[in-house]
Protein chains: 2
Amino acid sequence: MKTATVKTYSITEVSKMYHLPTTTLRYYEDLGLLYDIPRIKGRRAYTQAHLNRLGAICCFKDTGMTLKELQELFDAQDDDADLDKTCAILDNHYKRVLEQLALLKKNERHIKRKVRFYHDIRSAKENHSKLPDWDDYRDREF
Amino acid sequence: MKTATVKTYSITEVSKMYHLPTTTLRYYEDLGLLYDIPRIKGRRAYTQAHLNRLGAICCFKDTGMTLKELQELFDAQDDDADLDKTCAILDNHYKRVLEQLALLKKNERHIKRKVRFYHDIRSAKENHSKLPDWDDYRDREF
DNA sequence: ATTTTACTTCGAGTATACTTGAAGTAAAAT
DNA sequence: ATTTTACTTCAAGTATACTCGAAGTAAAAT
């Protein structure tokens, strides 16, 4: 009879995989975002399920969800899932992500113009030529 | 002889225009991000130049620049502009914005899949049909 | 005339998300 | 055998960006 051993990861391995300090991983566990992490000789042994959840944490956190909202989402998902609440939270967050995306695209274009503008000022100064005018950059697409 | 009067804006008007509380506008002034704001009978009177700067503050702040970094950028831009430093800060920030944009797009797709997945679970429960499997959503484009 | 509204300054307090420090353990390296 | 490394827990401290409270002023509304 074979006993399937589940692959686990140490806190340092997980830290490297997700670019999060070990202290942050412990902090998430304190908050309850990660739980039931088994200990092997006192050390945390993360399973694939924990990595999946951590991936979700990073995704939602990076899109501006607070850790408290994340906890609410997980609470809705986890024990005997409240699907209406889960869907509501997800729908609402997705809307916010689309707004962020629109804003970020707009800001990206603005910053690109600023970058060009200052590079052109520098060139003009070097060449002793006419300095550019911001009005020529404000609504221009590069 | 005509005296051209420059249009100014009260702190409440600016607050509404930029969706920032008045306390935050005062805070930015305390930090030095906004300065030389004239007072008319003790009240702040923002000029177009201040609005432009405030637009820049919002744009850079919303793309993840800290207020301290913003101060450095403005210091480089303002008094007898250090063009090399300005360009360096802008170039560096623009790179970060492109990274953010790539990450946000990736996260947006992931969240879209999650939204679909949970809506499909809900439908399946209502119809007493087979529950969907996340593996069918993981790498699917919607 | 006096109350209300809309500001003013300055200092202190708060929320979020970590981050550090102290004291301990246990296995691996020297 | 003992030092080093890599964790452990728990409590306290920090950074950033606000946010609030108190006390005051000055013009507009009643």
Side-chain angles (χ1 to χ4, degrees), chain A residues 8-47 50 53-75 89 93 96 100 103 107, chain B residues 8-47 50 53-75 89 93 96 100 103 107:
Chain A
T8 64
Y9 305 85
S10 73
I11 196 166
T12 8
E13 284 172 316
V14 176
S15 167
K16 277 163 194 161
M17 283 190 266
Y18 288 84
H19 310 102
L20 293 171
T22 56
T23 51
T24 300
L25 294 172
R26 289 192 201 99
Y27 172 61
Y28 288 167
E29 194 178 344
D30 284 350
L31 292 184
L33 290 174
L34 292 168
Y35 54 85
D36 291 346
I37 300 167
R39 311 290 149 123
I40 293 174
K41 287 176 187 155
R43 310 293 175 78
R44 286 167 178 79
Y46 294 82
T47 67
H50 298 110
R53 169 131 304 184
L54 195 49
I57 293 172
C58 292
C59 173
F60 286 101
K61 184 183 68 103
D62 288 347
T63 51
M65 197 178 260
T66 65
L67 302 183
K68 200 177 169 184
E69 287 172 314
L70 253 164
Q71 189 62 73
E72 278 176 50
L73 173 60
F74 290 154
D75 286 348
I89 294 173
H93 187 64
R96 282 157 51 191
Q100 276 178 63
L103 179 62
N107 286 333
Chain B
T8 63
Y9 304 84
S10 71
I11 195 167
T12 8
E13 285 172 317
V14 177
S15 167
K16 276 162 195 161
M17 283 191 267
Y18 288 84
H19 309 102
L20 291 172
T22 57
T23 51
T24 300
L25 293 173
R26 291 193 200 99
Y27 172 60
Y28 288 167
E29 194 178 344
D30 284 349
L31 292 184
L33 290 174
L34 291 168
Y35 54 84
D36 290 346
I37 299 169
R39 310 289 147 125
I40 295 176
K41 288 177 186 154
R43 310 294 173 77
R44 286 166 178 81
Y46 294 82
T47 67
H50 298 110
R53 169 132 305 184
L54 195 49
I57 292 172
C58 291
C59 173
F60 286 103
K61 183 182 70 103
D62 288 348
T63 50
M65 196 178 261
T66 65
L67 301 184
K68 201 177 169 185
E69 287 172 314
L70 253 164
Q71 189 62 72
E72 278 175 51
L73 173 60
F74 290 154
D75 287 348
I89 294 174
H93 187 64
R96 282 158 48 190
Q100 276 178 62
L103 180 61
N107 286 334

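Side chains included, hydrogens not; waters and symmetry mates left out as well; all remaining heavy atoms used. Chain naming here is simple, since letters A, B, ... match the order of the sequence lines and numbering starts at 1 in each.
C:dT16 is paired with D:dA15 under the Watson-Crick or G-U wobble criterion, all donor-acceptor distances under 3.5 Å. Nucleotide D:dT3: paired with C:dA28 (Watson-Crick or G-U wobble, both distances less than 3.5 Å).
Which of D:dT8, D:dA17, D:dT19 sits closest to the side chain of A:R39 comes down to D:dT8.
With rounding to the nearest 0.5 Å, the separation of OG1 in A:T47 from CZ in A:R53 is 11.0 Å. Rounded to the nearest 0.5 angstrom, B:K68 NZ and B:L73 CG are separated by 15.0 Å. Note that the CZ atom of B:R26 and the OG atom of B:S15 stand 9.5 Å from one another [nearest 0.5 Å]. How far CZ of B:F60 is from CZ of B:F74: 7.0 Å, rounded to the nearest 0.5 Å. Separation of atoms CG (A:L25) and CD1 (A:I57) is listed at 8.5 Å; rounding is to 0.5 Å.
Between B:L70 atom CG and D:dC18 atom C1' the separation is 15 Å, expressed in whole Å. For the pair A:D30 CG and D:dT9 P, the interatomic distance rounds to 8 Å; values are reported in whole Å.
Across all strands shown, B:T24 has heavy atoms under 4.0 Å from sugar-phosphate atoms exclusively, and none from any base. Within the nucleic acid shown, A:R26 comes within 4.0 Å of at least one base atom, counting heavy atoms only. Residue B:T66 is classed as a sugar-phosphate contact, given heavy-atom separations below 4.0 Å to backbone atoms only. B:T22 comes within contact range of no nucleotide atom at all, as no heavy-atom separation falls under 4.0 Å.
With respect to B:E69 and B:K61, no salt bridge is recorded, no charged nitrogen being found less than 4.0 Å from a carboxylate O. For A:E13 and A:R44, the salt-bridge test fails: no basic side-chain N is under 4.0 Å from an acidic carboxylate O.
Heavy-atom contacts of chain B under 4.0 Å fall on DNA chain C between two terminal nucleotides, which in 5' to 3' order are C:dA6 to C:dT9.
Toward the 5' end of DNA chain C, the nearer of the two residues A:K41 and A:T23, judged by each one's closest nucleotide, is A:T23. Judged by closest nucleotide on DNA chain C, A:P21 is the one of A:P21 and A:R43 placed further toward the 5' end. Judged by closest nucleotide on DNA chain D, A:I11 is the one of B:K61 and A:I11 placed further toward the 5' end.
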